[in-house]
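All values below were derived from every heavy atom in this structure, side-chain atoms included, with hydrogens, water molecules and symmetry-related copies excluded.
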Amino acid sequence: MMKNSHNPKTQNPKFATPTFILFLLLLLSSTPLSSSSHRKPPPLPILPLPTSRQLSWQLGNMAMFLHFGPNTFTDSEWGSGHAHPSVFFPTRFNASQWIQVAKDSGFSRVILTAKHHDGFCLWPSNYTDYSVRSSPWRGGTGDVVAELAEAAREAGIGLGLYLSPWDRHEECYGKTLEYNEYYMGQMTELLTRYGVIKHVFLDGAKGAGEKDMEYFFDCWFSLIHQLQPEAVIFSDAGPDTRWIGDEAGVAGSTCWSLLNRSAVTIGGTDYPYLRRGDPCGHDWVPAECDVSIRPGWFWHASESPKSARTLLDIYYSSVGRNCHFLLNVPPNTSGLISDEDIQVLQEFNELRNAIFSNNLAENGIPSASSTRGPQFSCHNVLEEGIYTYWAPEEDQSDWVLYFDFEEFVSFNVLQVQEPIHMGQRVSEFHLDILDEKRDWKRLISGTTVGYKRLLRFPKVETQGLRFVVDRSRADPLISYLGIHMDPFSILSNISDTSLSSQPYVNGSQPYPNGSQAHFNASHAHLNGSQFLRQISPNHSQVSTI
């Protein structure tokens, strides 16, 4: 006789219990039914990408150059190489003071002229007697590099060194093989005696009429990276960082970190190419802007430092254009950084803190045209740092970030950053604001962003803004967006404006070709209390220190 399949006596009792049914429902509810519940991965990086040492350098924003040597005591810029070593005698030398000044002023690294063009070595080199060993300083037992390295290490400041290829003292200079061996021997001393070196600065400087000399740059680069893998190498054309093409600290308004190294040579490069970079470049070679706080690179009693406002203007034109700011602050004949230079650096630090310590965009509610996933939210652009960012959905034609404010907000500076570890992407953008009729009006346009872009413009007041990426090498990624009030920069022939009194007409740009307003930097010195008193009562949103 056939068994009845529905006879309860023939079924396993456990399949009929309420406990099992509940367990089965819970199991099904916790099991993903489709891939839609998976975390969305980050977008693909776009090549080229920075190395870890390049990232560390870029995140530091600023470094301090220290030109020091016999030129300091002979009132020279390019020493002849024949000054007697006895001229080098700093009576109050204190490397810790140099490092403390750099740290207090917001500099992440220092770079010392271990040997300048005169060939005099600030360490006791075994390859020449033209060094501190032959000077009366410290009884001939001194070592500037060693004392600076120890002070930097204790303070957590990165150390960099400049070893001039051009040497006006060494007799073998001009003999290609012999001098390259000499140079690499000295480089090896510097990179093996003093701990971790973060920066090696090279150039192709050589005076007219000097001996012809071929430098084995590729051998030097390989040696440096072998001995100090954390060190970035600067030269006119890289390999790690490049010159911007001037000694005024001013980068181009368009500045790519991308470059074709095969198209550039040290000492013989097309400077407009260095200034702009190359959106189609195959190599990551970001730019460094060097300038001196004084007219000369070495200290001269007859010279005075630039004002804090001038340094602020240079900061906008260097760090604010995707570059690193290398500011030379030369120690004086006593072996200390001069008080007037320290005063300017303190004011410069106070100005930056007063402007950028308060992101007024945090008072708004952000939204976006699209978002790749929860971890790529538009709220990420209010977090400092490059490792969190807003990413739009793929295959979109609109890339927009919006901010709505309950109350009117006044500002005159835009700050934007890209997560450069994912590659440099943005090539054109603009910022719109809402006028009193709730219509969008274009405020300012820009090209590249990179690590950091700062744009200044006449003061505006609004309850809404939108940041629009117009063109990008790949889906744009924005890691930070800030709006700030800068009450210190002086606009030339352009008065502060607001939408309520002078609206922009028909969405036109306030400056020709989308360029920035020109800012004149005042050369009047301000002390720490004077500059704070210059903040208008209407600028109460700007934090003071």
Side-chain angles (χ1 to χ4, degrees), residues 42-50 54-55 58 242 244-245 250-261 263-264 270-287 289 316-324 368-370 372 376 378 381 386 389-401 414-432 442-457 465-482 507 509-516:
L44 282 176
I46 181 169
L47 297 175
L49 300 177
Q54 288 173 320
L55 274 177
Q58 188 88 68
R242 74 181 194 264
I244 205 62
V250 179
S253 58
T254 295
C255 189
W256 291 95
S257 293
L258 284 57
L259 201 74
N260 277 327
R261 289 193 58 217
V264 294
D270 177 12
Y271 292 127
Y273 184 68
L274 287 180
R275 177 181 293 270
R276 181 183 178 88
D278 189 343
C280 300
H282 299 297
D283 305 296
W284 186 276
V285 191
C289 295
Y316 279 109
S317 299
S318 56
V319 174
R321 293 181 178 177
N322 187 38
C323 297
H324 199 270
S369 53
S370 67
R372 184 179 177 90
F376 306 109
C378 57
V381 303
I386 66 170
Y389 50 88
W390 165 70
E393 290 182 356
E394 303 100 316
D395 302 322
Q396 299 295 307
S397 58
D398 294 327
W399 302 313
V400 187
L401 286 168
L414 171 68
Q415 178 177 184
V416 188
Q417 292 184 266
E418 289 183 84
I420 56 172
H421 63 290
M422 303 290 287
Q424 188 176 354
R425 298 164 178 252
V426 176
S427 57
E428 286 185 20
F429 67 89
H430 69 270
L431 183 69
D432 295 335
R442 181 167 296 195
L443 174 62
I444 193 89
S445 298
T447 53
T448 47
V449 174
Y451 171 64
K452 185 176 290 186
R453 187 66 190 266
L454 300 171
L455 290 178
R456 293 176 289 180
F457 37 81
L465 61 87
R466 65 180 182 187
F467 176 82
V468 183
V469 177
D470 300 299
R471 296 180 62 191
S472 185
R473 295 174 63 233
D475 287 344
L477 309 175
I478 304 298
S479 57
Y480 189 74
L481 190 146
Q509 299 178 24
Y511 315 117
N513 301 320
S515 62
Q516 296 187 53

- prompt: G245 and Y271: which non-hydrogen atoms are nearest, and at how many Å?
  reply: CA-CD2, 3.9 Å

message: Can you tell me how far apart SG (C255) and CD1 (I244) are? Round to the nearest 0.5 Å.
response: 4.0 Å

- request: Search all heavy atoms of R425 against all heavy atoms of E418 and return the closest pair with its distance.
  value: N-OE1, 2.9 Å

Single hit among D278, N322, T448 for side chain to side chain donor-acceptor pair (under 3.5 Å) with S257: N322

- line: H421 and I386 have their tightest heavy-atom pair at CE1-O, 3.2 Å

task: Look up atom CH2 in W390 and atom CG in L481, then write down how far apart they are to the nearest 0.5 Å.
output: 10.5 Å

message: Using the side-chain contact (heavy atoms from CB on, under 4.5 Å) criterion, which residues pair with P43? Sequence neighbours excluded.
response: R372, F376, Y389, M422, L477

- prompt: E428 pairs by salt bridge (charged side-chain N to carboxylate O under 4.0 Å, His left out) with which of R473, R471, R453?
  reply: R471

message: Please check this pair: side chain of T254 against backbone of T447, looking for a donor-acceptor N/O pair closer than 3.5 Å.
response: no

field: Nearest heavy-atom neighbours spanning C323 and A251
entry: SG-CB, 3.5 Å

- request: Find the distance between CG (L465) and CG (L401) and round it off to the nearest 0.5 Å.
  value: 9.5 Å

message: Keeping Q54 on the side-chain end and W284 on the backbone end, is there a donor-acceptor pair under 3.5 Å?
response: yes

- prompt: Which heavy atom of L258 sits nearest a heavy atom of R242, and at what distance?
  reply: O-NH1, 4.4 Å

task: With rounding to the nearest 0.5 Å, note down the distance linking OH in Y451 to CD in Q417.
output: 5.0 Å

Closest heavy-atom pair and its distance - F457, L414: CE2-N, 3.8 Å

query: How far does CD1 of I478 sit from OG of S472, to the nearest 0.5 angstrom?
result: 8.0 Å

message: Would F429 and L455 count as a side chain to side chain contact (heavy atoms under 4.5 Å, CB included) here? Give the steps.
response: CA-CA 12 Å; F429 67 89; L455 290 178; 3.7 Å; yes

query: In Å, rounded to the nearest 0.5 Å, how long is the span from CG of L259 to CG of L274?
result: 6.5 Å

- request: Using modelled atom types only, decide if a donor and an acceptor are shared between the side chain of S369 and the backbone of D398 within a distance under 3.5 Å.
  value: yes

- prompt: Heavy-atom distance under 4.5 Å between the side chains of Q58 and P50, does that happen here?
  reply: no

Atom CZ of R276 with >12 non-hydrogen neighbours under 6.0 angstrom: no

task: Mark yes or no for whether R275, through its side chain, and V250, through its backbone, hold a donor-acceptor pair below 3.5 Å.
output: yes

query: After noting the C-alpha distance and the side-chain angles of L431 and V416, does the key distance pass the side chain to side chain contact (heavy atoms under 4.5 Å, CB included) rule?
result: CA-CA 11 Å; L431 183 69; V416 188; over 6 Å; no

- prompt: With R261, which residues qualify under side-chain contact (heavy atoms from CB on, under 4.5 Å), at least two apart?
  reply: F221, P239, D283, V285

- request: Take W399 and V426 through the side chain to side chain contact (heavy atoms under 4.5 Å, CB included) test and state the conclusion after the steps.
  value: CA-CA 11 Å; W399 302 313; V426 176; over 6 Å; no

